[in-house]
Amino acid sequence: MPWLAGFVLLGQAAGTSQLSELLAGPPSGTTTSVALVLVLLGAFTKSAQYPFQGWLPGAMVAPTPISAYLHSAAMVKAGVYLVARFAPAFAAVGIWRPLVLTVGLVTMIAGGLRALRPWDLKQLLAYGTISQLGFLMVLFGIGQPEATAAGAALILAHGLFKAALFMVVGIVDHEAHTRDLRRLPVFGAGWTPTKVVAVVSAASMAAVAPLAGFIAKEKAYDALLHGTANDKLVLAGLVAGSVLTVAYSARIVAAMLRPDLVAPPEGPRPASPHARPGPFRAPA
């Protein structure tokens, strides 16, 4: 693994493998720069950053609760967490910020664009997760306290709204026997609680006030708005990615309320007036 090789090199350069000591007295020099590139390659792969993102949509074949937990809220954050730990000590090293910010912004925008294409609701959410991971990579990777605080808020918000959305898709898949936008039924009054969860969660992802996603995104913008010219350039990239976030969030809302708005039906859409009782919806 690249980051294991990076850790070995960092340990050799610093004379210690204790993370606390390494971050308290970070080494410098060519060996450190090479080590950081290797560490970042491992972090990018673990957190599905472009061009290493292909594994995450493929992992969506797992059962929906697994997708909700591992591939949305927990496991994919490991690379982001590593960057968050290392950034305060190494963000000023020449290669760090250009590499992390470029990869993070490309991932956020490319993932957002890709989320506008799938007909499969789970694939849509998967590419939305990739886009949000790019956002997190930027916030933590820039190495500024205000941006790091915003990243911490976004990690919490993302875990909440994305896990809930995956569970909603699981309910749809179980009851309608499809996740394809072109084949979804018209959800009737019995689906109202599930629709509410979907709309509120998608609204948080799109940063609609006063939800958690809004608070996190406003904090992110504020952290960069009054910074340097480079900070404002990064902010412009985040705003562009956020526009795409609103667009694919709207696709999810439309799928639950008016699927014809986002997907041409393959035939007459059947009605689905009833959903499972409360305990089945409770996790979402």
Side-chain angles (χ1 to χ4, degrees), residues 56-57 59-74 111-112 114-132 156-215 244-284:
L56 196 150
M60 292 301 103
V61 299
T64 300
I66 303 301
S67 299
Y69 177 61
L70 289 181
H71 305 306
S72 173
R114 187 65 180 84
L116 301 178
R117 294 176 55 190
W119 299 123
D120 187 313
L121 278 172
K122 218 172 180 186
Q123 290 289 308
L124 190 165
L125 291 179
Y127 283 105
T129 294
I130 291 171
S131 180
Q132 293 293 300
L156 175 60
H158 180 263
L160 292 170
F161 64 64
K162 190 56 68 70
L165 286 169
F166 268 112
M167 298 305 288
V168 166
V169 170
I171 295 170
V172 170
D173 194 11
H174 188 276
E175 296 299 302
H177 307 293
T178 184
R179 301 190 304 261
D180 193 318
L181 287 166
R182 298 163 295 183
R183 300 174 184 171
L184 290 180
V186 177
F187 299 111
W191 283 81
T192 298
T194 306
K195 290 179 181 179
V196 170
V197 172
V199 171
V200 171
S201 300
S204 184
M205 184 162 63
V208 174
L211 301 171
F214 168 80
I215 295 170
L244 297 171
T245 304
V246 173
Y248 63 73
S249 299
R251 292 190 78 202
I252 297 168
V253 172
M256 296 301 298
L257 303 181
R258 293 282 302 276
D260 284 345
L261 293 178
V262 289
E266 293 186 340
R269 292 189 188 273
S272 181
H274 303 293
R276 282 295 184 95
F280 191 70
R281 299 189 299 261

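The model shown is predicted, which means the values in this text are computed figures rather than measured ones.
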With a 4.5 Å limit on heavy-atom distance, are the side chains of Val208 and Phe214 in contact?
-> no

Flag side-chain contact, heavy atom, 4.5 Å: Arg179 against Val172 | no

Roughly how far apart are Leu181 CG and Leu261 CG, rounded to 0.5 Å?
-> 11.0 Å

Heavy atoms, side chains only, cut-off 4.5 Å: are Ile252 and Leu125 in contact?
-> yes

Close side-chain approach of Met256 and Leu184, heavy atoms under 4.5 Å | no

Closest heavy-atom contact between Ala255 and Leu121?
-> CB-CD2, 3.9 Å

Scan for side-chain hydrogen bond (donor to acceptor under 3.5 Å, both in side chains) pairs involving residues 249-264, sequence neighbours excluded, and state none if there are none.
-> Asp260-Arg269

Sub-4.5 Å side-chain heavy-atom contact between Leu211 and Met205 | no

For residues Ala202 and Val253, report the shortest heavy-atom separation together with the two atoms involved.
-> CB-CG2, 3.7 Å

Minimal heavy-atom distance between Gly128 and Lys162, with the atoms involved, is C-NZ, 3.4 Å

Do Lys195 side-chain atoms and Phe187 backbone N/O form a donor-acceptor pair below 3.5 Å?
-> yes

Can you name the residues that form a side chain to side chain contact (heavy atoms under 4.5 Å, CB included) with Val197, not counting sequence neighbours?
-> Ala164, Val168, Ser201, Ala284

What are the two closest non-hydrogen atoms of Ser204 and Phe161, and how far apart are they?
-> OG-CD2, 3.5 Å

Would you say the side chain of Arg117 lies within less than 4.5 Å of the side chain of Tyr127, judging by non-hydrogen atoms?
-> no

Value for NE2 (His158) from CG (Leu165), rounded to nearest 0.5 Å, stands at 9.0 Å

Does the pair Asp180/Arg182 count as a salt bridge with the N-to-O cut at 4.0 Å?
-> yes

Any idea which heavy atoms bring Ile130 and Gly111 closest together, and the distance?
-> CG2-CA, 4.4 Å

Does the side chain of Arg183 reach to within under 4.5 Å of the side chain of Trp119, using non-hydrogen atoms?
-> no

So how far is it from His174 NE2 to Ile171 CD1, rounded to the nearest 0.5 Å?
-> 10.0 Å

Shortest non-hydrogen contact from Phe166 toward Ala126 = CZ-N, 4.3 Å

Report the C-alpha distance between Leu124 and Val169 in whole Å, list the side-chain angles of each, state the deciding distance to 0.1 Å, and finish with yes or no for side-chain contact (heavy atoms from CB on, under 4.5 Å).
-> CA-CA 11 Å; Leu124 190 165; Val169 170; over 6 Å; no

